[in-house]
Amino acid sequence: MRILVTGGAGFIGSRVVAALLDAGHEPRILDSLVPAVHPDGPPALPDGVDLHHADLTDPVAVRAALRGVDLVSHQAAMVGRGREILDAPAYASSNVLGTATLLTAMTEAGTGRMVLGSSVVIYGDSRYHCPAHGRVRPAPRERADLDAGRFEPRCPRCGTDVTASAVQEDDPVDPPRNVYAVTKLAQEHLVAAWARETGASATALRYHNVYGPDMPQDSPYSGVAATFRSAVARGEAPRVFEDGEPRRDFVHVRDVASANVAALARDTPGLRAYNIASGTPRSIGELAEALATAGGAPAPRITGEYRIGDVRHVFASAERAALELGWRAGTDFLDGVKEFATAPMRSARQGHDG
């Protein structure tokens, strides 16, 4: 298939392009090549891959990139937490307006298949269970509790600490807790509306915490894995927020790329979402410890600091992807972290994937 990969020069997008080539497809890249992300100019591309250097909000450029395309792999996005509300216009432009412009151009071109790089952030927290009241939805954590070091969510009815478990694709999403989450949820809603109105097929891959070689370094937009890895590269102890016990699912970028190839087999009309995760949650303290050990850095330092809008735990079941797409993550956590601890990273100050 001829496949347009938006953000195809970015951290995840470039791995998707390579995986598509290996699978015998013809990828084409549309990327804005933001200077802060690509300070050395356009990256080296695999032979035979065309690059359209343009922004997704430019409808003329998007229409040109879509010519002859069978499917769009939509990876372009501004990612991570960044400066929060100060970055709201940039997040909205890149993630929401860019997606809307792309969908309009796809409709005009008659391109009716998309794989969307979505995100676990749309869930908010994980599932929670109270011993007395069963499944509950705790309210966002209060600043007073965080200041006092009370980090675990509590039952909204009795105040007891609750137990986290894996979310599934059909679970209701929480009201988004930060600007990035707002825009990623908006992306899924836009794509779902497009699929309903046009009869198109859309597959949303909800990435968990992606890590791996070539991840942007020293960026507030790149997530905890890059932050810890940058500290290890400087020979410093990773600084771990809260008590080190928030749990996430860390999935290697190679596995994310293979999930994108697996998703090409789905062509059923409508939007279908899949969690793309290792299936084994880890605490952020475990990640910091594994990176420090593999990279020869001092042991992590638990700081007790926090960020308003961060959730305590978020991890999910990847069984739907296994059953329907035939995909499972194949990279062992310790093996992947050991590689990541010494692998090259890209210089970047902002968190666009593309």
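Nothing fancy with the numbering, it's 1 onward along the sequence.
Taken together through direct or relayed side-chain contacts under 4.5 Å among Ile, Leu, Val, Met, Phe, Trp and Tyr, L264 and I29 form part of one hydrophobic cluster. Both I284 and V210 are assigned to one and the same hydrophobic cluster, defined by single-linkage of ILVMFWY side chains at heavy-atom distances under 4.5 Å. Connection of V79 to V96 is not established within any shared hydrophobic cluster, with ILVMFWY side chains joined at heavy-atom distances below 4.5 Å, either directly or through further cluster members. Cluster membership check: V136 does not share its hydrophobic cluster with V173, using side-chain heavy-atom separations under 4.5 Å among Ile, Leu, Val, Met, Phe, Trp and Tyr. Residues L66 and M114 fall within the same hydrophobic cluster, defined by Ile, Leu, Val, Met, Phe, Trp and Tyr side chains chained together at heavy-atom separations under 4.5 Å.
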Side chain to side chain contact (heavy atoms under 4.5 Å, CB included) evaluation trace for I12 with V253: CA-CA 6 Å; I12 294 174; V253 68; 4.2 Å; yes
Report the C-alpha distance between L30 and H74 in whole Å, list the side-chain angles of each, state the deciding distance to 0.1 Å, and finish with yes or no for side chain to side chain contact (heavy atoms under 4.5 Å, CB included). CA-CA 10 Å; L30 174 64; H74 184 24; over 6 Å; no
Yes or no on side chain to side chain contact (heavy atoms under 4.5 Å, CB included) for E152 and H313, after CA distance, side-chain angles and deciding distance? CA-CA 9 Å; E152 290 294 340; H313 308 293; 3.1 Å; yes
Quick one, C158 with H133, criterion side chain to side chain contact (heavy atoms under 4.5 Å, CB included). Give me CA distance, side-chain angles, the key distance, then yes/no. CA-CA 8 Å; C158 66; H133 299 107; 3.5 Å; yes
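Between E339 and R254, some side-chain heavy-atom pair lies under the 4.5 Å cut-off. You'll find the side chain of H252 reaches within 4.5 Å of the side chain of Y211, heavy atoms only. Side-chain contact between K184 and Y207: absent, with no pair of heavy atoms (C-beta onward) separated by less than 4.5 Å. Contact annotation: the side chain of E289 never approaches that of S283 to less than 4.5 Å [non-hydrogen atoms, C-beta and beyond]. Side-chain atoms of Y180 and D87, non-hydrogen and from C-beta on, never get closer than 4.5 Å to each other. Side-chain contact between L146 and F151 is present, with at least one heavy-atom pair separated by less than 4.5 Å. When side chains are defined from C-beta on, L116 does not count as touching L271, because their heavy atoms never get closer than 4.5 Å. Side-chain contact between T101 and L56 is absent, with no heavy-atom pair separated by less than 4.5 Å.
Using a 4.0 Å cut-off between charged side-chain N and carboxylate O, E319 and R328 make a salt bridge. Ion pairing between E169 and R272 fails under the 4.0 Å rule for side-chain N and carboxylate O. Under the 4.0 Å criterion applied to side-chain N and carboxylate O atoms, R154 and D145 are assigned as salt-bridge partners. A salt bridge links D243 and R312; the closest N-O separation between the charged side-chain nitrogens and carboxylate oxygens is under 4.0 Å. Residues R206 and E188 are paired through a salt bridge, judged by an N-O separation under 4.0 Å between the basic side chain and the carboxylate.
Under the side chain to side chain contact (heavy atoms under 4.5 Å, CB included) test applied with V115, the options L205, V5, V72 reduce to a single match, L205. Among N275, L325, D170, the single residue meeting the side chain to side chain contact (heavy atoms under 4.5 Å, CB included) criterion with R320 is D170.
Minimum heavy-atom separation, P238 to F228: CB-CD2, 3.8 Å. Between P216 and M345, the shortest heavy-atom contact is O-CE, 3.5 Å. The minimum heavy-atom distance linking L51 with L45 is given by the pair CB-CD1, 3.5 Å. When every heavy atom of A316 is checked against every heavy atom of A277, the shortest pair comes out as O-CB, 4.4 Å. Nearest heavy-atom pair across V17 and G8 is CG2-O, 3.8 Å. Looking at every heavy atom in both residues, A202 comes nearest to V191 through CB-CG1, 3.4 Å.
Residues meeting the salt bridge (Lys or Arg N to Asp or Glu O under 4.0 Å) test with E26, sequence neighbours left out: R2. With sequence neighbours excluded, the residues satisfying salt bridge (Lys or Arg N to Asp or Glu O under 4.0 Å) with R137 are D174. Not counting sequence neighbours, the partners of D147 by the side-chain contact (heavy atoms from CB on, under 4.5 Å) test are R143, Y306. Residues passing the salt bridge (Lys or Arg N to Asp or Glu O under 4.0 Å) test with R229: none are found, sequence neighbours excluded. Considering only residues two or more places apart in sequence or on other chains, E245 meets the salt bridge (Lys or Arg N to Asp or Glu O under 4.0 Å) condition with none of them. Taking R113 as the reference, nothing meets the side-chain hydrogen bond (donor to acceptor under 3.5 Å, both in side chains) condition, with sequence neighbours excluded.
One distance of note links CG of L20 with CD1 of I3; it measures 4.5 Å at 0.5 Å rounding. Here OG of S119 is found 8.0 Å from CG of N209. Values are rounded to the nearest 0.5 Å. With rounding to the nearest 0.5 Å, the separation of CD in E242 from CD in E305 is 10.5 Å. In this structure, the separation between CZ on R239 and CD1 on I302 is 11.0 Å, given to the nearest 0.5 Å. Rounding to the nearest 0.5 Å places OG1 of T104 at 6.5 Å from CD of E108. Going from atom CZ of R127 over to atom CZ of R135 covers 4.5 Å, rounded to the nearest 0.5 Å.
Within the 3.5 Å criterion, the main-chain N or O of A77 finds no donor-acceptor partner in the side chain of N95. R28 places a side-chain N or O within 3.5 Å of a backbone atom of R67 that can act as its donor or acceptor partner. Looking only at distances, no side-chain donor or acceptor of D55 sits under 3.5 Å from a matching main-chain atom of D58. Under a 3.5 Å cut-off, the side chain of T198 and the backbone N or O of W194 do form a donor-acceptor pair. Side chain of R15 to backbone of D255: no donor-acceptor contact under 3.5 angstrom is found. Checking side-chain atoms of S201 against main-chain N and O of T268 turns up a donor-acceptor pair under 3.5 Å. Looking only at distances, a side-chain donor or acceptor of T6 sits under 3.5 Å from a matching main-chain atom of A76. Put simply, the side chain of D31 gets close to the backbone of A9: a donor and an acceptor are under 3.5 Å apart. At distances below 3.5 Å, not a single donor-acceptor pair connects side-chain atoms of D214 with backbone N or O atoms of F11.
No donor-acceptor contact under 3.5 angstrom links the side chains of H129 and S165, judged on distance only.
Aromatic ring centres of F250 and H208 lie farther apart than the 6.0 Å criterion allows.
At most 12 non-hydrogen atoms from other residues, nucleotides or ligands lie less than 6.0 angstrom from CD of E142.
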